[in-house]
Amino acid sequence: LTRRPVHRGGFREHTPMMTSYTAPQRDMLFVLNHLAGLEAVSQLPGLEDATPDMAAAILDEAAKFAAGVLAPINASGDLQGCRWDNGVVTPADGFADAYASFCETGWNAMPAQPEFGGQGLPSLVSSAVQEMWKSANMAFALCPMLTLGAVNAIAEHASDELKAVYLPKMVSGEWTGTMNLTEPNAGSDLAQVRTKAVDNGDGTYSITGQKIFITWGEHDMAENIVHLVLARLPDAPEGVKGISLFIVPKYLVNADGSLGARNDLVCASIEHKLGIHASPTAVMVFGENDGAIGYLVGEPHKGLAYMFTMMNHARLNVGMEGVAISERAFQQALAYAKDRVQGKPMGDSSGQTRPILYHPDVRRMLMDMKSRIEAMRALAYQTAAHMDYAHHHPDEAVRREHQARVELLTPVVKGWCTETSINVTSTGIQVHGGMGFIEETGAAQHFRDARITTIYEGTTAIQANDLIGRKVAREGGSSLAVLLADIDATREQLLASGNAQLSAIGAALARGAGALAEARDWLLAHYASQPAQAAAGAVAFLKLTGVVAGGWMMARAAQVATQLLADGDSDTVFLNAKLATARYYADQVLPEAALYAAQITQGAASALALDEEGF
């Protein structure tokens with residue numbers, strides 16, 4: 001903790017500012033090894049090197065980088081922000097050096113495919129490392145996150161020639177990548193995209209148009225920036241079926257791989273935002289002169305499907321941002337609660353003035369933050385493990401099963417984890433009391449940074465409509481039925497355990513799963529005939545699914561902790577804390593499932609009751 005003098009009414013002589021971050025490696029490894037099944041994942045073809053011992057070593061080194069390089073420039077980056085001058089964007093002080101070190105030490109290449117210079121680590125392991133980057137410095141982490149998303153899209157859909165030109169440099173981090181979807185007229189409705197692409201007859205296309213909200217769309221940390229741009233060809237059909245995807249580099253690439261002329265694109269401005277100040281959000285203008293040179297990715301008119309490769313990668317990573325920023329807020333709130341001495345706690349007969357950590361309501365807030373973070377982390381890591389099976393298992397049928405679970409949980413991880421992060425970071429401010437509302441403490445930054453996560457890469461409502469439409473109604477709830485069956489199997493084990501603590505958790509899990517099943521049945525019965533009413537409860541359904549799936553993860557964590565304690569594991573403080581947070585979640589979070597179910601099955605009419613004049 002560093003201290004800054006405060007001169008606002010003398011409320012407190014000094015205010016602590018949290019510049020440090022300590023990666024929760026013990027909890028990460030617990031989830032990796034005991035809930036997400038890293039040992040089994042490491043036996044999949046191509047992932048054999050990612051043993052639990054190797055993962056622990058990777059997490060240890062990543063934790064040092066996050067704490068020593070990224071965390072110290074998080075608050076200063078927020079304060080300074082980015083600078084735009086005539087199309088040139090300069091990141092906050094220290095970011096360029098941090099990025100250079102990030103790439104030199106190989107972190108950028110960690111999750112990428114080996115054939116392009118990557119290390120090919122499992123999504124499960126890279127997700128844990130990604131959490132560290134996002135906790136330590138979310139604004140910084142957005143740059144490599146989008147680059148790797150672009151790498152995935154190019155690797156899966158572009159020609160071998162384009163892959164050879166762009167992927168090695170992007171994997172190494174020498175070049176960064178972006179995603180250019182949104183336009184001033186279009187917003188989330190990509191059917192309205194107007195950016196144009198004209199075939200030049202030589203394998204290139206002239207791109208003209210404007211894109212907004214382009215994260216890290218311009219900066220000077222890398223030699224080149226590779227923009228993935230959605231645009232329409234002259235003969236394109238209307239709507240989303242007429243969108244194509246193009247690579248549009250900041251600098252053109254010569255035949256020998258060296259950088260050539262500056263392309264006809266410019267950053268017209270950067271946005272002034274509520275949070276993530278150190279991450280430039282650019283307005284990009286393509287083709288003001290002769291047209292920006294672009295290269296078609298894959299086939300014409302299939303760009304949106306290709307871009308979803310990048311978007312789904314980004315959505316899972318944004319969900320991880322919800323986990324990460326919540327963890328950072330919790331660490332700060334806990335440190336403050338231990339440091340801030342105020343009052344005599346109720347029920348404390350010593351009569352001593354103690355740190356606010358001893359006050360029951362502060363304990364409640366910290367327990368709420370901690371339990372929700374653990375549930376989110378476990379669900380996000382579990383989804384990453386399913387991704388590894390979906391991509392690497394030798395049996396096609398098994399790959400399909402795991403892909404179905406990935407598709408079901410992706411909107412939940414993105415939507416529920418980010419919505420929860422707003423509540424957790426807000427609670428972090430509340431733990432600080434009045435000091436939480438003062439920028440000097442740093443607590444407000446986490447709340448501000450978290451606020452964007454529910455919006456970009458598809459708002460919570462977009463995730464929720466995807467969940468109830470494509471992932472539940474369209475397939476008759478089959479994937480959700482498999483998830484509920486898995487939850488029920490855990491419930492049976494808990495109730496049959498003979499352990500009072502586990503039985504209580506199992507009973508709470510049963511009630512939560514019952515609420516989810518009730519909401520599913522209502523949705524399947526009414527989705528086709530009452531689509532507006534179904535959509536009115538879509539966000540509630542997403543949160544309900546997250547709360548119950550998170551409760552399942554916490555229940556499994558309690559099972560594992562109980563067994564490890566019975567086996568004589570010496571880490572009793574950590575394992576007993578696992579049991580405590582699982583019980584708290586069962587008692588105080590899982591009951592939210594009944595509320596969400598009621599909103600879905602009974603609340604649609606009131607949500608849609610007012611006409612325009614009534615508002």
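All residue numbers refer to positions in the sequence shown, counting from 1.
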side-chain contact (heavy atoms from CB on, under 4.5 Å) test vs Leu124 passes for just one of Val31, Thr383, Leu38, namely Leu38

Could you tell me if [Y] and [X] have a donor-acceptor pair between their side chains, going purely by distance under 3.5 Å?
{"X": "Glu327", "Y": "Ser135", "value": "no"}
{"X": "Glu223", "Y": "Tyr251", "value": "no"}
{"X": "Glu321", "Y": "Ser421", "value": "no"}
{"X": "His391", "Y": "Ser123", "value": "no"}

* Salt-bridge present (Arg83, Asp93; N to O < 4.0 Å) -> yes

Check your understanding: Salt bridge or not for Asp78 and Arg448, using N-O below 4.0 Å?
Key -> yes

Sorted by chain and residue number, the side-chain hydrogen bond (donor to acceptor under 3.5 Å, both in side chains) partners of Arg556 (sequence neighbours excluded) come out as Gln382

Asp27 meets the side-chain hydrogen bond (donor to acceptor under 3.5 Å, both in side chains) criterion, sequence neighbours left out, with Arg377, Lys578

Flag, side chain of Gln332 to backbone of Phe330, donor-acceptor distance under 3.5 Å: no

- Within the distance-only criterion (no hydrogens, no angle test), does the side chain of Asp449 pair as donor or acceptor with the backbone N or O of Gly275 below 3.5 angstrom? no

Smallest heavy-atom separation, Val193 atom then Leu230 atom, equals CG1-O, 3.9 Å

Before we go on, tell me: are the rings of Tyr205 and Phe246 under 6.0 Å apart, centre to centre? yes

Partner of Phe140 under ring-ring contact (aromatic ring centres under 6.0 Å, His included), picked from Phe102, Phe65, Trp107, is Phe102

Those residues at least two apart in sequence (or on a different chain) that pass side chain to side chain contact (heavy atoms under 4.5 Å, CB included) with Asp53 are Thr51

